[in-house]
Every structure is written in structure tokens, then in C-alpha cells.
Amino acid sequence: MMPNAAAPATEGSDRSVPLHVAIIMDGNGRWAAARGLPRAEGHRRGVEALRRVVRAAHELGVLYLTIFSFSSENWSRPATEIGDLFGLLRRFIRNDLATLHSDGVRVRVIGEREGLEPDICTLLNEAEELTRANTKLNLVVAFNYGSRQEIAGAAQRLAREVAEGKRDPASIDADTLGRYLDAPDIPDPDLIIRTSGELRLSNFLMWQAAYSELVFVPIHWPDFDKAALESAIAEYARRERRFGGLAAKTGS
Ligand code: IPE
Ligand code: IPE
Ligand code: MG
């Protein structure tokens, strides 16, 4: 029998709380524009929202929190804005890493490291190294991340193994490809939240989202807080996940 690869690891436990929540933190620029402020101020307030939400996610029993911080396509923004976003990441790691570590948060980073400035790579590595043994909450930072790029990278590594005679192409199935993605040990997101009212994934976790529940909220990211997270989780709890099977009440 084929195992259901998409089935959540939470089987049998309290499934009203998602094990893995992934968030597309969108709307910083519009939040700022609505207040006559520069976009950079929206991003700065976005970091404050992130701090709140990391704490809230842990309090609510979420074990994995993935946040989309910079997409592969965000390079098309003006250089000054890219500089602001990178500056905020630097400051976030420098200021918050010690607290995250003492709170038992394990930091993971997905996305392309190549092409990033060396000091950013050093900070990302430091954050991962320092917090490696922590078990309270996994904070997965998607930075310079794009799902198509991630899948293409996995395909490239598999193709190399085939070319080197180390792998039979017939051995490549969906589970194999999944193991070549950036963080194969992390379960697929149960819930993906996007703020700002946009209704799209924007190249975020497209492989992993196969059976995720999607919740779109109209508020901009700087206004997101614990209550908003709770209400997204409540919406998630009302959904019926079937993974291609039958509804619990009709199935056996
Ligand atoms: C999200 O806010 C932050 C990043 C994409 C890095 P935006 O900067 O996309 O804000 P809007 O969507 O323009 O309002
Ligand atoms: C997605 O938001 C990327 C991040 C939140 C980091 P964007 O603002 O870049 O997405 P689009 O351009 O509106 O699709
Ligand atoms: Mg946006």
C-alpha cells in the first residue's frame, strides 16, 4: 500500500492546531503608504509584527513557523528598498538571536545563499549553528527563496547523480524529489496564511503546499498579531482535510 505522503505528522494528536504554519508576510508597503510613511517604515513595523507572531505561534502550540522574508523575485525592487530589507534582516538576527536562542527557538533558513553578501551568509549560518539543538519552535526563514528555483535545484542534483551513474532515473518519484528540497525533514505546512488581501502564492512553497489549507487575511502584515493568528488557526480548524480520501463522516 502506498503511504499517504501528504498526511500530517499530527495524526492522532490535537489537529485543531496546525503543526506547521507558513506565512506570506505581505502588505508592508501599502501599510506605510496608507499612513503617508516611507515603505521602509512599513518594513520596520513588519519586523515588530514578526517578533509578536513568533511568540504567539509558540504560545499557541505551533511547532514550525515558516516566514517568507525575501523572494527570488524581490530582486526586481529598487536597490534602496532591497538595501532596507537586507538591513532589517541583519538587525533582526543581531538583535534577536540571543533571545530566540534562550527561548528555545531553532532557526532554519531556506532559499539560495549564493549571490548574497558574505556577511549575510555568515549571520544566517551563525543563527542556524547557535540554535541547532533547540526544540521549542522551529523558525524557518525563507530568504532569497523561490519555489521554482528550489525545485529546479532538486532536479539538478538528481540529474547529476543520474549522469554520474549513481542513480536509476526510474527510482525518482515524488518522495525522492521531496528529499532534495531545501529542508526535507520539515513537514509540509498545514496552514499557509497570506496577509494584505492578495490571493496568490507568489512562488512560495508550491511543492509543499499540495495539501495545505490556505487562509487569506485582508490586513497588512504590520497589523498582524496574536489575535489574527488565532483567528486564522480557528478558520483552519473548521476546514476538513481529506488528502484525496473521503470525508471523515462518510469514509470508513
Ligand atoms: C512584504 O510587503 C515584504 C516583502 C515582500 C519583502 P511588501 O513590500 O510586498 O508590501 P506591499 O505588498 O507592496 O504593500
Ligand atoms: C511575496 O510578496 C514575497 C514576500 C512576502 C517576501 P510580494 O509582495 O513580493 O508578492 P507579489 O509581487 O505581490 O506577488
Ligand atoms: Mg507585496
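Here, residue 1 is the first one in the sequence, and each next residue gets the next number. Start at 1 and go down the list; that is how both ligands and their atoms are numbered.
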Among protein heavy atoms, which lies nearest [atom], and at what distance?
{"atom": "atom 2 (O) of ligand 1", "value": "N28 N, 3.2 Å"}
{"atom": "atom 10 (O) of ligand 1", "value": "G29 N, 2.9 Å"}
{"atom": "atom 6 (C) of ligand 2", "value": "F68 O, 3.4 Å"}

Judged by non-hydrogen atoms, does R194 sit under 4.0 Å from ligand 2?
yes

Is any N or O atom of F70, backbone or side chain, closer than 3.5 Å to an N or O atom of ligand 1?
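No; every N/O pair is 3.5 Å or more apart.
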
Please check whether W31 reaches ligand 1 - meaning an N/O of the residue sits under 3.5 Å from an N/O of the ligand, judged on distance alone.
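No, since none of the N or O atoms of W31 sits under 3.5 Å from an N or O of ligand 1.
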
Please find out if less than 6.0 Å separates the ring center of Y145 from that of W75.
no

Verify the ring-centre separation between F70 and F86: is it less than 6.0 angstrom?
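Yes, they do, as the ring centres are separated by less than 6.0 Å.
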
Output the list of atoms in ligand 2 that are nearer than 4.0 Å to some heavy atom of [X], sorted by atom number.
{"X": "R200", "result": "11 (P), 13 (O), 14 (O)"}
{"X": "S202", "result": "10 (O), 11 (P), 14 (O)"}
{"X": "N74", "result": "3 (C), 6 (C), 9 (O)"}

Quiz question for you: does at least one protein heavy atom lie closer than 4.0 Å to atom 12 (O) of ligand 2?
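Given the 4.0 Å cut-off, atom 12 (O) of ligand 2 does not count as touching protein heavy atoms.
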
Any carboxylate oxygen within less than 4.0 angstrom of a Lys/Arg side-chain nitrogen, looking at [X] and [Y]?
{"X": "R51", "Y": "E48", "answer": "no"}
{"X": "R179", "Y": "D173", "answer": "no"}
{"X": "R90", "Y": "E117", "answer": "yes"}

Lys/Arg cation over aromatic W31: R35, 6.0 Å, 45° cone:
yes

Stepwise salt bridge (charged side-chain N to carboxylate O under 4.0 Å, His left out) check, E41 with R39:
CA-CA 5 Å; E41 181 59 16; R39 290 180 60 85; over 6 Å; no

Run the numbers for me: atoms of ligand 1, each under 4.0 Å from some heavy atom of H43, listed by number.
3 (C), 8 (O)

For ligand 1, note which part of [X] has a heavy atom under 4.0 Å away: side chain, backbone, both or neither.
{"X": "M25", "answer": "backbone"}
{"X": "E198", "answer": "neither"}
{"X": "R77", "answer": "side chain"}
{"X": "S69", "answer": "backbone"}

For S71 and ligand 2, does the shortest N/O to N/O distance drop below 3.5 Å?
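Checking ligand 2 against S71, no N or O pair falls under 3.5 Å apart.
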
If you take the nearest heavy atom of each of I82, D26, I24, L89, which one is closest to atom 7 (P) of ligand 1?
D26

Check whether more than 12 heavy atoms from other residues, nucleotides or ligands sit under 6.0 Å from atom CZ of R148, and answer yes or no.
no

Using heavy atoms and a 4.0 Å limit, tell me yes or no: is G27 in contact with ligand 1?
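Per 4.0 Å heavy-atom rule, G27 contacts ligand 1.
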
For V105, is there any backbone N or O sitting under 3.5 Å from a side-chain donor or acceptor partner on N134?
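Yes, the answer is positive, given that a donor and an acceptor are paired below the 3.5 Å cut-off.
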
Would you check if the Mg ion (ligand 3) lies under 2.8 Å from any N, O or S atom of E198?
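Short answer: no, not a single N, O or S atom is under the cut-off.
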
Salt bridge (charged side-chain N to carboxylate O under 4.0 Å, His left out) evaluation trace for D103 with K136:
CA-CA 8 Å; D103 288 347; K136 286 236 165 65; over 6 Å; no

For the Mg ion (ligand 3), give me the closest N/O/S atom belonging to D26, just the atom name.
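So the atom name we want here is OD1.
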
